[in-house]
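Below, chains carry the letters A, B, ... as their sequence lines are ordered, and counting in each starts from 1.
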Protein chains: 2
Amino acid sequence: MAATIKQIAGRLNVSVATVSRALNDLPGVGEKMRRKVRRTAAELGYVPDFHARALVSGKVPFLGLVVPDITNSFFPALALAVEEAAAASGQSLILLNTNWRRDRLAQALELLSSRRVSGLIVAEPLDAAILDSVDLETVSNGLVLAGVEAPGGTGLCSVMVDDRDGGMQVGRHLVECGAHRIAFVGGPSESPNSRDRLEGLTIGLGISGGAAAIVSVTDGAWTEESGYRQADRLLRDMVPDAIFAANDLLAIGVMRRLVESGIAVGRGVALAGYDDTHVVSLTSVPITSVAQPTAQVGSLAVKLLGQMLSGDSGCGDAVLKPSLVARSSTLEFSNLHVLAPRDAQGA
Amino acid sequence: MAATIKQIAGRLNVSVATVSRALNDLPGVGEKMRRKVRRTAAELGYVPDFHARALVSGKVPFLGLVVPDITNSFFPALALAVEEAAAASGQSLILLNTNWRRDRLAQALELLSSRRVSGLIVAEPLDAAILDSVDLETVSNGLVLAGVEAPGGTGLCSVMVDDRDGGMQVGRHLVECGAHRIAFVGGPSESPNSRDRLEGLTIGLGISGGAAAIVSVTDGAWTEESGYRQADRLLRDMVPDAIFAANDLLAIGVMRRLVESGIAVGRGVALAGYDDTHVVSLTSVPITSVAQPTAQVGSLAVKLLGQMLSGDSGCGDAVLKPSLVARSSTLEFSNLHVLAPRDAQGA
DNA sequence: TTGTAAGCGTTATCAT
DNA sequence: ATGATAACGCTTACAA
């Protein structure tokens with residue numbers, strides 16, 4: 001069905017070389033000839049075969065983005081940013097969703113070795129075991145981590161967002177809101193992101209000098225369900241002043257559990273999430289969250305990847321800053337518990 | 001860097017054919033030999049070159065899903081379903097986001113002609129102009145529409161969800177809830193999906209015998225912003241009993257506008273959306289919506305695509321049924337306006 | 001059981 | 001300005 005340059009050449013009684021040159025705007029073809037070739041190519045509905053081209057040229061105009069959970073709106077947002085940046089450099093984006101499954105992640109890394117994509121941006125943690133299963137040489141030369149830290153030892157390139165700083169902002173904010181007993185609801189216990197956010201929280205509380213105590217639970221998943229379960233476990237022992245959930249999905253789960261107990265979010269308990277996905281501004285009580293600079297992460301990741309692929313440099317690791325977005329889930333608590341000279345009037 | 005079968009063959013002093021056979025579990029290789037080949041392949045970190053393989057075999061283990069707006073959670077949900085179905089048949093999913101841009105859509109269709117993917121599932125409308133820009137023969141033989149209707153004339157294959165039925169369910173429900181003046185907030189005026197939902201609404205109202213009037217506004221985008229603007233325009237003329245928004249994004253925009261006017265959603269005005277995305281269950285007043293059977297749409301689309309690709313049949317168009325999920329945004333209205341013998345007790 | 005060789009559709013390097 | 005022709009890495013008849 002699909003026409004080839006050979007067929008075009010046959011029709012016109014010229015060589016395939018001429019056709020190729022004409023179609024690719026290369027010099028060395030007469031203007032008349034070029035037009036003729038163009039016309040018959042159009043007539044035959046010619047579309048260049050991607051694989052043949054990639055095979056000989058060694059170039060693939062695809063870039064892969066690997067995300068762990070596409071139903072977590074944070075990742076579509078990141079995807080949008082990456083896609084935009086990629087389009088600007090003439091590359092199309094392939095989105096791979098691993099669903100947090102390690103075999104799918106390993107499979108995704110193979111895309112690089114098998115040259116299905118020119119480069120890969122990975123937005124979930126890579127551990128040593130995964131890296132063992134692939135050729136590190138190949139991988140490290142076309143992979144950029146986004147939003148997750150590079151495993152020690154591997155000289156992997158990454159664009160990070162400062163999770164500790166984000167946690168710290170939350171810590172300070174919560175203390176300012178008058179919270180004392182603070183609970184942390186985390187992601188997987190082995191997740192550096194989760195750990196760093198907790199660590200930041202601790203630091204933030206300390207800085208503020210408010211004698212605050214932390215309780216922390218974690219149970220292995222960045223999901224709403226997990227948030228619900230952790231809150232459930234938490235409430236058996238205590239009702240904290242504030243809960244910091246390591247991402248928005250968890251926060252929403254926590255909120256559901258609180259509502260079930262008749263605890264008013266924002267009044268009874270302050271609540272903060274992480275990622276600032278769109279939904280947290282839509283919930284019955286809008287939830288305070290930490291916004292990641294997705295647009296910058298995306299464009300920087302694409303830029304670094306481009307540099308690596310063109311062999312420019314080793315890798316310029318980058319760390320960006322997140323920013324707290326305060327909403328009713330904490331502000332309301334603040335109004336009830338803090339004597340704020342100016343703000344008290346407005347409440 | 002990346003090893004080739006030629007190198008493996010060289011190392012072992014055998015022919016490339018033997019290596020190929022050994023690696024692909026084809027008959028005609030001694031067990032000893034096969035093991036030797038396997039071992040050196042592993043040592044050299046061999047990964048088959050995707051393009052070379054596709055070039056000769058004509059097969060590509062990729063399937064493309066084209067969505068118009070990845071930040072609309074309906075599409076990630078669909079993607080998940082398609083991905084699952086694809087994985088079951090050994091294919092990986094490539095997700096293309098067009099951002100509602102026609103050039104990106106045209107570009108996506110080229111993936112098929114250029115054999116970057118074996119088949120394409122498209123979840124946004126194709127019009128004649130777009131189809132003109134590609135070879136219809138090629139396209140119609142490897143494309144399945146999902147959730148959108150096939151343009152007349154083209155024998156394109158599609159998996160539809162009955163939008164009219166969905167609209168009808170909403171219409172009946174709204175009348176049952178005691179609404180009389182009903183407004184429709186639509187997507188793009190030329191969108192069959194939007195039109196069908198409106199048409200269904202009209203029918204549903206008629207069936208119920210409730211003398212209900214419809215006002216309809218539409219302005220070109222399936223976005224929250226558009227919902228907000230349309231509600232704004234609407235409120236200049238009237239405050240309806242109920243508003244049916246053609247998708248959840250619009251519904252959320254509408255809700256934002258209502259809240260700004262101090263109109264209590266569910267009490268002052270009933271509200272219904274479409275798609276039943278996760279967020280509508282999380283809003284301050286949970287929003288009634290129509291759930292599409294995404295899982296079925298996904299698996300059916302993949303199945304039909306598989307049949308087409310293996311040349312089994314022309315195409316068995318399918319139409320699935322959506323189902324209304326009633327929530328407070330309408331139920332509360334109902335409790336206030338309807339004398340329902342049984343339900344009144346429970347309220 | 002193994003080797004030889006002919007493609008697959010391009011691009012690119014020579015000649016002419 | 002155009003034509004042969006050799007790659008690219010792999011699969012697959014066809015021989016041996």
| Position toward the 5' end of DNA chain C (nearest nucleotide), A/Ala17 or B/Arg34 | B/Arg34

| said: Tell me the interatomic distance from B/Arg115, atom CZ, to C/dT10, atom P, rounded to whole angstroms. | reply: 9 Å

| query | A/Ser57 or B/Ser57: which one's nearest nucleotide on DNA chain C is closer to the 5' end? | reply | B/Ser57

| query | Between D/dT11, D/dA7, C/dT2, which one does the side chain of B/Val56 approach most closely? | reply | D/dT11

| task | Calculate the interatomic distance between A/Leu26 atom CG and D/dA1 atom P; express it in whole Å. | result | 13 Å

| said: I'd like to know whether CZ of A/Arg11 has more than 12 heavy-atom contacts from other residues, nucleotides or ligands below 6.0 angstrom. | reply: no

| said: Which label fits B/Phe50 and A/His51: parallel for a plane angle under 30°, tilted from 30 to 60°, or perpendicular past 60°? | reply: perpendicular

| Separation of B/Leu23 atom CG from D/dT11 atom P, in whole Å? | 8 Å

| task | Look at all strands and tell whether A/Thr4 reaches a base, only sugar-phosphate, or nothing, counting heavy atoms closer than 4.0 Å. | result | sugar-phosphate

| message | Using a 4.0 Å heavy-atom cut-off, does B/Phe50 contact any base of the nucleic acid, only the sugar-phosphate backbone, or nothing at all? | response | nothing

| said: Using a 4.0 Å heavy-atom cut-off, does B/Gly28 contact any base of the nucleic acid, only the sugar-phosphate backbone, or nothing at all? | reply: base

| query | Phosphate oxygens OP1/OP2 of C/dG3: is one of them under 4.0 Å from a side-chain N or O of B/Thr18? | reply | yes

| When the distance from CG of A/Leu55 to P of D/dA7 is rounded to whole Å, what number comes out? | 14 Å

| task | Looking only at side-chain atoms of A/Ser15, point me to the closest of D/dG9, C/dT4, D/dG3. | result | D/dG3

| Which heavy atom in B/Val122 sits nearest to a heavy atom in B/Leu105, and how many Å separate them? | CG1-CD1, 4.5 Å

| task | Please state how far atom CG in B/Asn13 lies from atom P in C/dT4, giving the value in whole angstrom units. | result | 11 Å

| said: Heavy atoms from C-beta onward define the side chain here; which of D/dG3, C/dT2, D/dC10 lies closest to that of A/Arg21? | reply: D/dG3

| request: Examine D/dC10: is either OP1 or OP2 under 4.0 Å from a nitrogen or oxygen in the side chain of B/Ser20? Give yes or no. | output: no

| Can you check the A/Arg53 CZ to D/dG9 P distance for me, whole Å? | 18 Å

| request: In plain terms, say whether B/Glu83 and A/Arg104 are close enough for a salt bridge, that is, a side-chain N and a carboxylate O under 4.0 Å apart. | output: yes

| field | Nearest-angstrom distance from the residue atom CD1 of A/Ile8 to P of C/dG9 | value | 12 Å

| query | Do the side-chain N or O atoms of A/Lys6 get closer than 4.0 angstrom to the phosphate oxygens (OP1, OP2) of C/dC8? | reply | yes

| query | Between C/dT10 atom P and A/Asp49 atom CG, what is the distance in whole Å? | reply | 6 Å

| said: I'd like to know if the side chain of B/Asn24 reaches the main chain of B/Leu26, judged simply by a donor and an acceptor atom lying under 3.5 Å from each other, with no hydrogens or angles considered. | reply: no

